[in-house]
Amino acid sequence: MQSKLKRCSASSSSHAEAAAEATDPLQKERVLDDSETEVNSRKKQKQEEETTEKKKECCFDTKDAKGNNERTLFVTGFDNSGSRDEIRSALAKHFSSCGELARVFVHIECETGVSRGYAFINLKKRVGIEAALSLNGSDLGGHKLLVTMARLRDEYYAHFNFKGCEICRAGYTAGPQRLYRWNLRTGGGKVRRFSPKFEEKCRRHHEERMASRKMNKSKTKEG
């Protein structure tokens, strides 16, 4: 910032010196106009930089960022041209009939503040989940919503193609680890961790081992 001010003051002083040295009135006026144009250009550039800084907002710098669990709902399909607060308010109003909401987290891109097109919603009571899922395909501002359980979506485990910022990177780097643990626990999202055939084989093997132990115990007692 100091270097910019030095350049600006040096430039202004040079224009002032040039204007003082100029003998022709037209030339002097031209020099002064150039000086004024340069000052206005610098002011405009500074305003643009300040506006850009204001647009930046950390995606995870909100109380609603944390709270995803097995009861979290995933919502997409809404109009993402509005601000984060506008989208959050619209979704909260739309799902208010399902019960009291615990959180509505709208995912945004930190650099621009623009929504990435999906949100996570949690209800305070489990009984409202079915009502919320029934809103799948419902209309919100002329847009058809897709509503499903968040754990069935990849976005629940990691935010793909997300640039983020230095503040929020710690919030989503754990996503791949959660995805790995989920795949390990459920077999890639399936109800069974192993195939039914393998599970049946393990069950028979366990029964045979237990029967063999009982037989050995009975023989030991008889002996």
Side-chain angles (χ1 to χ4, degrees), residues 48-126 128-183 185-186 188-190:
E48 289 177 352
E49 289 176 356
E50 289 177 352
T51 304
T52 304
E53 288 296 325
K54 287 180 181 178
K55 283 183 180 179
K56 291 182 180 179
E57 179 185 1
C58 178
C59 176
F60 297 100
D61 189 19
T62 172
K63 63 178 182 179
D64 295 327
K66 295 181 180 179
N68 282 358
N69 53 43
E70 69 279 0
R71 292 188 290 173
T72 302
L73 297 162
F74 176 88
V75 184
T76 187
F78 51 81
D79 180 14
N80 64 344
S81 61
S83 67
R84 188 181 208 176
D85 291 336
E86 289 172 346
I87 296 171
R88 186 191 292 117
S89 298
L91 290 173
K93 185 178 179 180
H94 192 71
F95 284 87
S96 60
S97 61
C98 305
E100 191 176 356
L101 301 179
R103 64 187 278 263
V104 178
F105 176 57
V106 180
H107 205 281
I108 63 169
E109 192 62 63
C110 302
E111 187 72 22
T112 60
V114 176
S115 165
R116 301 192 73 227
Y118 61 90
F120 296 107
I121 296 178
N122 278 79
L123 295 160
K124 286 194 173 181
K125 294 184 179 180
R126 189 187 294 268
I129 294 178
E130 290 298 326
L133 290 173
S134 68
L135 293 177
N136 182 40
S138 61
D139 180 83
L140 177 61
H143 295 264
K144 189 177 180 180
L145 295 182
L146 186 152
V147 185
T148 185
M149 296 305 296
R151 65 178 182 272
L152 302 178
R153 299 283 304 198
D154 292 338
E155 292 87 347
Y156 177 74
Y157 304 96
H159 304 292
F160 301 97
N161 300 320
F162 176 56
K163 296 179 181 178
C165 62
E166 293 180 359
I167 301 172
C168 69
R169 284 197 181 100
Y172 70 87
T173 48
Q177 296 177 6
R178 292 199 302 271
L179 180 60
Y180 172 76
R181 289 196 298 267
W182 178 74
N183 281 328
R185 186 175 69 253
T186 65
K190 299 174 184 177

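What you see below is based on every heavy atom in this structure, not just the backbone, and it leaves out hydrogens, waters and symmetry mates.
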Distance-only polar pair, side chains of His94 and Ser138, donor-acceptor under 3.5 Å: yes

Short side-chain donor-acceptor distance under 3.5 Å, Ser83 and Asp85: no

Check: Arg84 and Val114 side chains under 4.5 Å, non-hydrogen atoms: no

Min side-chain heavy-atom separation Asn80-Arg116 under 4.5 Å: no

Side-chain donor/acceptor of [X] to backbone N/O of [Y], under 3.5 Å:
| X | Y | value |
| --- | --- | --- |
| Tyr156 | Leu73 | no |
| Thr76 | Gly117 | yes |
| Asp64 | Phe105 | no |
| Arg88 | Arg103 | no |

Let me confirm one number: the [atom1]-[atom2] distance from [X] to [Y], rounded to the nearest 0.5 Å.
| X | Y | atom1 | atom2 | result |
| --- | --- | --- | --- | --- |
| Phe74 | Asp154 | CZ | CG | 9.5 Å |
| Phe78 | His143 | CZ | NE2 | 10.5 Å |
| Leu91 | Ser96 | CG | OG | 11.0 Å |
| Ile121 | Ile129 | CD1 | CD1 | 12.0 Å |
| His107 | Cys59 | NE2 | SG | 3.5 Å |
| Leu140 | Asp79 | CG | CG | 8.5 Å |

Check against side chain to side chain contact (heavy atoms under 4.5 Å, CB included), Leu145 and Val75: CA-CA 7 Å; Leu145 295 182; Val75 184; 4.3 Å; yes

Which heavy atom of [X] sits nearest a heavy atom of [Y], and at what distance?
| X | Y | answer |
| --- | --- | --- |
| Thr72 | Asn69 | OG1-N, 2.7 Å |
| Cys98 | Leu135 | SG-CD1, 3.7 Å |
| Ile87 | Ser115 | CD1-CB, 3.5 Å |
| Cys58 | Cys165 | SG-SG, 3.8 Å |

SB check Glu100 Lys125 (cutoff 4.0 Å): no

Of Val104, Val147, Leu123, the residue whose pairing with Phe95 passes side chain to side chain contact (heavy atoms under 4.5 Å, CB included): Val147

Pairs involving residues 65-76, ordered by first then second residue, that meet salt bridge (charged side-chain N to carboxylate O under 4.0 Å, His left out) (sequence neighbours left out): none

